[in-house]
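Worksheet for the structure shown next.
In what follows, every heavy atom counts, from backbone to side chain, and hydrogens, waters and symmetry copies are set aside.
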Amino acid sequence: QVQLVESGGGLVQPGGSLRLSCVVSGLTFRSYTMGWFRQAPGKEREFVAGIKRSGSITHYADSVKGRFTISRDSTKNTVYLQMNSLKPEDTAVYYCAADHTIVIHTTLGQYDYWGQGTQVTVSS
């Protein structure tokens, strides 16, 4: 049974930082491209960041480039999203996802497995 379990969300003030984690089980972690998506109230789920199997290649949405960093640790079957300089518009439920292909896709339909999400709220 494949499971992706996110954690690390919470309430943070503008300009603050959070680190999200996603622990993956039930699949060969090294064989999957991993992505982070987010969904704000009333909006569609959108791509945030992706990382290839090796961890050496990453891709970011323009809205988070320079502020967020995606990384992975194959010894822990975990993908991370370090979020700095947070803004109120970053408020959303954040989801991690796994894709068996080698490409970092930015569309939801390409991902095979999803986590349940973790809430991030940026507010003063």
Original post:
Does a sphere of radius 6.0 Å around CG in Leu11 hold more than 12 heavy atoms from other residues, nucleotides or ligands, not counting ones at 6.0 Å or beyond?
Top reply: yes

**OP:** Heavy atoms only: give me the nearest Ala92-Ala40 pair and the separation to one decimal.
**Re:** CB-N, 3.8 Å

**OP:** Without swapping roles, check the side chain of Tyr60 against the backbone of Ile70 for a donor-acceptor pair under 3.5 Å.
**Re:** yes

Original post:
Thinking salt bridges, do Asp62 and Lys65 make one under a 4.0 Å N-O criterion?
Top reply: yes

Original post:
Which is it for Asp90 and Arg67 under the side chain to side chain contact (heavy atoms under 4.5 Å, CB included) test, yes or no, and what are the steps along the way?
Top reply: CA-CA 11 Å; Asp90 294 318; Arg67 300 189 297 123; 2.7 Å; yes

**OP:** Would you give the length of the straight line joining atom CG of Asn77 to atom OH of Tyr32, rounded to the nearest 0.5 angstrom?
**Re:** 12.0 Å

Subject >> Check against side chain to side chain contact (heavy atoms under 4.5 Å, CB included), Leu4 and Met34 >> reply: CA-CA 11 Å; Leu4 285 69; Met34 298 300 298; 4.1 Å; yes

**OP:** Find out if a path of hydrophobic residues (ILVMFWY) with successive side-chain heavy-atom gaps under 4.5 Å connects Val24 to Trp114.
**Re:** no

Original post:
Under the side chain to side chain contact (heavy atoms under 4.5 Å, CB included) criterion, do Met83 and Val12 qualify, and how do the steps go?
Top reply: CA-CA 11 Å; Met83 306 186 296; Val12 63; over 6 Å; no

Original post:
Yes or no on side chain to side chain contact (heavy atoms under 4.5 Å, CB included) for Asp112 and Leu27, after CA distance, side-chain angles and deciding distance?
Top reply: CA-CA 11 Å; Asp112 304 295; Leu27 54 77; over 6 Å; no

**OP:** Check the hydrophobic clustering (I, L, V, M, F, W, Y; side-chain heavy atoms under 4.5 Å; chains of links allowed) and say if Ile57 and Val79 are grouped together.
**Re:** no

**OP:** Kindly work out whether a path of hydrophobic side-chain contacts (I/L/V/M/F/W/Y, heavy atoms less than 4.5 Å apart) joins Leu86 to Val48.
**Re:** yes

Original post:
Are the side chain of Ser56 and the backbone N or O of Ser54 linked by a donor-acceptor pair below 3.5 Å?
Top reply: no

Original post:
Hey, are the side chains of His59 and Thr106 touching, using non-hydrogen atoms and a 4.5 Å cut-off?
Top reply: yes

Original post:
To the nearest 0.5 Å, what is the distance between OH (Tyr111) and CZ (Arg45)?
Top reply: 12.5 Å

**OP:** Without swapping roles, check the side chain of Tyr95 against the backbone of Glu6 for a donor-acceptor pair under 3.5 Å.
**Re:** no

Original post:
What are the two closest non-hydrogen atoms of Phe29 and Asp73, and how far apart are they?
Top reply: CE2-O, 3.9 Å

Original post:
Going only through I, L, V, M, F, W and Y residues with side-chain contacts under 4.5 Å, is there a path from Leu108 to Ile104?
Top reply: yes

Original post:
Do any N or O atoms from the side chain of Thr91 and from the backbone of Val122 form a donor-acceptor pair under 3.5 angstrom?
Top reply: yes

Subject >> Common cluster, Val64/Phe47, ILVMFWY with side-chain heavy-atom separation under 4.5 Å >> reply: no

Original post:
Which atom names give the shortest non-hydrogen contact between Asn84 and Ser17, and what distance separates them?
Top reply: OD1-OG, 2.9 Å

Original post:
Does atom CD of Glu44 have more than 12 heavy-atom neighbours from other groups under 6.0 Å away?
Top reply: no

**OP:** Using atom types as modelled and distance alone, determine if a side-chain donor or acceptor of Arg72 lies under 3.5 Å from a backbone N or O of Lys52.
**Re:** yes

Original post:
Roughly how far, to the nearest 0.5 Å, is the SG atom of Cys96 from the CZ atom of Arg38?
Top reply: 15.5 Å

Subject >> Heavy-atom pair with the smallest gap, counting every atom of Leu81 and Ala49 >> reply: CD1-CB, 4.2 Å

**OP:** For residues Ser21 and Thr78, report the shortest heavy-atom separation together with the two atoms involved.
**Re:** CB-CG2, 4.2 Å

Original post:
Is the backbone N or O of Thr101 less than 3.5 Å from a side-chain atom of Thr33, with the two atoms forming a donor-acceptor pair by type?
Top reply: yes

Original post:
Backbone N or O of Arg30 within a donor-acceptor pair of the Arg53 side chain at under 3.5 Å?
Top reply: no

**OP:** For the residue pair Phe68 and Tyr94, categorise the inter-ring angle as parallel (less than 30°), tilted (30 to 60°) or perpendicular (more than 60°).
**Re:** tilted

